[in-house]
J.: 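Following this message is one structure expressed as structure tokens.
In this chain, numbering begins with 1 at the start of the sequence shown. In this text, all values refer to a predicted model and were calculated from it rather than measured experimentally.
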Amino acid sequence: MTSTKYVDISRHMEINTAISALGALAQEHRLAAFRLLVRVGEDGMAAGDLARSLAVPHNTMSTHLSVLSQAGLITSQRNGRSIIYRIVPDVMRDLLGFLADDCCQGRPELCGITVPGKTSTSTCC
């Protein structure tokens, strides 16, 4: 079994991983599903409930969740007859950090952005 490398040793997200994650989020229903999963937190949400909440057909939602999962943004776990989906907080934090890394010449606090690991008062994610 091979593991996917999301972050290099210096805690910076690899460019190809960032492109994959951003590509997965670059669709209306996938972005909505991801944002909903962010809001529900660690409890996650069943695929059927996601589909109903977003008014997306179940088979279409399944495809969208597969894309988000392949990008490493979410995980799934079977719970009886349901599959529960959750975000992967570390990947989300790394993506946000990747996007803000060069903000304001390497000083994201000047842009009003708090990036995990960049400041002691970090509140993001």
J.: Is it possible for you to say whether Val88 and Val67 belong to one hydrophobic cluster, with membership spreading through side-chain heavy-atom contacts below 4.5 Å?
T.: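 The answer is no; the residues belong to distinct hydrophobic clusters.
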J.: Side-chain contact, heavy-atom cut-off 4.5 Å: Ile74 with Val91?
T.: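 Ile74 does not reach Val91 side chain to side chain.
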J.: Please lay out, stage by stage, how Leu95 and Leu25 fare under the test side-chain contact (heavy atoms from CB on, under 4.5 Å).
T.: CA-CA 11 Å; Leu95 180 60; Leu25 294 171; 4.0 Å; yes
J.: Quick one: are Leu50 and Val56 in side-chain contact, heavy atoms under 4.5 Å?
T.: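 No, their side chains stay 4.5 Å or more apart.
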J.: Can you find a pair of side-chain heavy atoms, one from Leu99 and one from Leu22, that are under 4.5 Å apart?
T.: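 With C-beta onward as the side chain, the pair touches.
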J.: How would you list, by chain and number, every residue that makes a salt bridge (Lys or Arg N to Asp or Glu O under 4.0 Å) with Arg52, sequence neighbours excluded?
T.: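 Asp49.
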J.: Considering all heavy atoms of both residues, which atom of Met61 and which atom of Ala47 are nearest to each other, and what is their separation?
T.: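 Met61 and Ala47 have their closest heavy atoms at CG-O, 4.1 Å.
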J.: Using the rule that two of Ile, Leu, Val, Met, Phe, Trp, Tyr join whenever any of their side-chain heavy atoms come within less than 4.5 Å, decide whether Ile87 and Ile84 are in one cluster.
T.: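 As far as the 4.5 Å side-chain criterion goes, Ile84 and Ile87 are not connected within one cluster.
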J.: According to a 4.5 Å side-chain heavy-atom criterion applied to Ile, Leu, Val, Met, Phe, Trp and Tyr, with indirect links allowed, do Leu31 and Leu37 form part of one hydrophobic cluster?
T.: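 Same hydrophobic cluster.
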J.: Specify the closest pair of heavy atoms between Ser53 and Leu36, including all atoms of both residues, with the distance to one decimal.
T.: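 Shortest heavy-atom separation between Ser53 and Leu36 comes out as CB-CD2, 3.8 Å.
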J.: Of all residues at least two apart in sequence or in a different chain, which pass the side chain to side chain donor-acceptor pair (under 3.5 Å) check with Gln77?
T.: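 For Gln77, the residues satisfying side chain to side chain donor-acceptor pair (under 3.5 Å) (neighbours in sequence not counted) are Arg86.
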J.: Are Val38 and Leu54 connected into the same hydrophobic cluster when the rule is that any two of I, L, V, M, F, W, Y join if their side-chain heavy atoms are below 4.5 Å apart?
T.: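 Same cluster: Leu54 reaches Val38 through Ile, Leu, Val, Met, Phe, Trp or Tyr contacts under 4.5 Å.
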J.: Give the minimum heavy-atom separation between Gly23 and Arg30, together with the two atoms involved.
T.: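 That closest heavy-atom pairing would be O-NH2, 3.7 Å.
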J.: Identify the heavy atoms of His58 and Gly48 that sit nearest to each other, and give their distance.
T.: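 Closest heavy-atom pair between His58 and Gly48: CE1-O, 3.8 Å.
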J.: At their closest point, which heavy atom of Ala71 faces which heavy atom of Ala21, and how far apart are they?
T.: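 Reported closest heavy-atom pair: CB-CA, 4.1 Å.
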J.: Can you find a pair of side-chain heavy atoms, one from Ser76 and one from Leu65, that are under 4.5 Å apart?
T.: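 No. Closest side-chain heavy atoms not under 4.5 Å.
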J.: Keeping to residues at least two apart or across chains, list the side chain to side chain donor-acceptor pair (under 3.5 Å) pairs with something in residues 32-47.
T.: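 Found none.
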J.: Side-chain contact, heavy-atom cut-off 4.5 Å: Ile19 with Ile15?
T.: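 A side-chain contact under 4.5 Å exists here.
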J.: Counting C-beta onward and ignoring hydrogens, is there a side-chain heavy-atom pair between Arg93 and Asp90 closer than 4.5 Å?
T.: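 Yes, at least one pair of side-chain atoms sits under 4.5 Å.
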